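Notes to accompany the following structure.
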Amino acid sequence: MRVPFVAANWKMYKTVHEAVAFAKQLKNAAKDIVDVEIVLAPPFLAVHAVADAVRASGIAVAGQDLYWEREGAFTGAVSAPMLREAGAELVIIGHSERRRLFGETDETVSRKVHAAFAADLTPIVCVGETLEARDRGETLSVLDQQLTRDLDGLSSEQVGLLVVAYEPVWAIGTGRNATPEQAAEAHQHIRQRLRAWFGADAADQCHVIYGGSVKPDNTADLMSQPDVDGALVGGASLDVTGFLTIVKTTHRVAASKRT
Ligand code: PGA
């Protein structure tokens, strides 16, 4: 059974000081919550300090991106081994903001996914359709195309370990979340594809989480869908109380799905 998974993607918010304050507060408030994987993805600068702050708490830290080379003359880039050494255990790859604003392609996503595994980082691979693609009825074919390319060359074992985040581009930061039915359709489709390509074990182990305007008041509806294993939360993760509500709701809904 997959443990529910809730990750905070802080994007370019929070200084080191603010990030550590949040992490300490969350660590304290979440100390009795078990059976849910909680992840904080701060800006690079704060990865090390946040990892220190949440040590021995069960809360893990993720980078928001990486570069696939180990080291070299790549000004501004951060490598997978650097993130790992700083205390990150996971890394977000292929977020739609990276694709749209920074030229990320499925080919670079794939290279980054391999680099993450080589450094013992768990990739959180983001996929999702634009509004135009949805309106043209191409949602599922876009997902197929992204997944085939992004997961190219991975073993079934690796796919079992990774996290796929379904994030419809039109729902990110817009306050417009996918309906539970739209999320369910996409998640079921992703799971079926993983099963067909990588086998039943990999598909059963892989977390498929939803992202795009997840808020405390829509969490229960989204998380109650069969193949939704958790959430990648942007805006609503910036506030400890709101994020904690999302974590607790996900935990409660996951427990009721098991019974
Ligand atoms: P949002 O962002 O929750 O602010 O829509 C989600 C994400 O970008 O991962």
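Start at 1 and go down the list; that is how both ligands and their atoms are numbered. Note that the structure is a prediction, hence the values are computed from the model and not measured.
- Close contacts between ligand 1 and Gly234 involve ligand atoms 1 (P), 2 (O), 3 (O), 4 (O), 6 (C) [criterion: under 4.0 Å to a heavy atom].
- Note on ligand 1: Ala236 sits outside its first shell, no heavy atom being nearer than 4.0 Å.
- Heavy atoms of Ala171 found under 4.0 angstrom from ligand 1 belong exclusively to the backbone.
- When each atom of ligand 1 is checked for a heavy atom of Gly235 under 4.0 Å away, the hits are 1 (P), 3 (O), 4 (O).
- A salt bridge links Arg99 and Asp150; the closest N-O separation between the charged side-chain nitrogens and carboxylate oxygens is under 4.0 Å.
- In the vicinity of Ser213, heavy-atom distances shorter than 4.0 Å reach the ligand 1 atoms 1 (P), 3 (O), 5 (O).
- Here Asn9 has side-chain heavy atoms under 4.0 Å from ligand 1, and that is the only part of it that gets that close.
- Between Val91 and Ile124 there is no side-chain heavy-atom pair separated by less than 4.5 Å.
- Looking only at atom types and distance, the side chain of Glu129 has a donor-acceptor partner in the side chain of Trp170 under 3.5 Å away.
- Protein heavy atom nearest atom 9 (O) of ligand 1, with residue, atom name and distance: Glu167 OE2, 2.7 Å.
- Listed by number with element, the atoms of ligand 1 under 4.0 Å from a non-hydrogen atom of His95 are 7 (C), 8 (O), 9 (O).
- Here the options are Arg195, Arg191, Arg2, the test is side chain to side chain donor-acceptor pair (under 3.5 Å), and the partner is Asp204; only Arg195 passes.
- Residue contacts with ligand 1: Gly212 is placed with no nitrogen or oxygen under 3.5 Å of a nitrogen or oxygen of the ligand (distance criterion only).
- Put simply, part of Lys11 is less than 4.0 Å from ligand 1, judged by heavy atoms.
- In this pair, His187 and Tyr166 present their aromatic rings perpendicular. The plane angle is above 60°, beyond the 30 to 60° band.
- For ligand 1, the atoms lying closer than 4.0 Å to a non-hydrogen atom of Gly173 are 1 (P), 4 (O), 5 (O).
- Counting non-hydrogen atoms of other residues, nucleotides and ligands closer than 6.0 Å to NZ of Lys11 gives a total above 12.
- The distance from atom OG1 of Thr108 to atom CH2 of Trp68, rounded to the nearest 0.5 Å, is 5.5 Å.
- For CD of Glu107, the number of neighbouring non-hydrogen atoms (other residues, nucleotides, ligands) closer than 6.0 Å is greater than 12.
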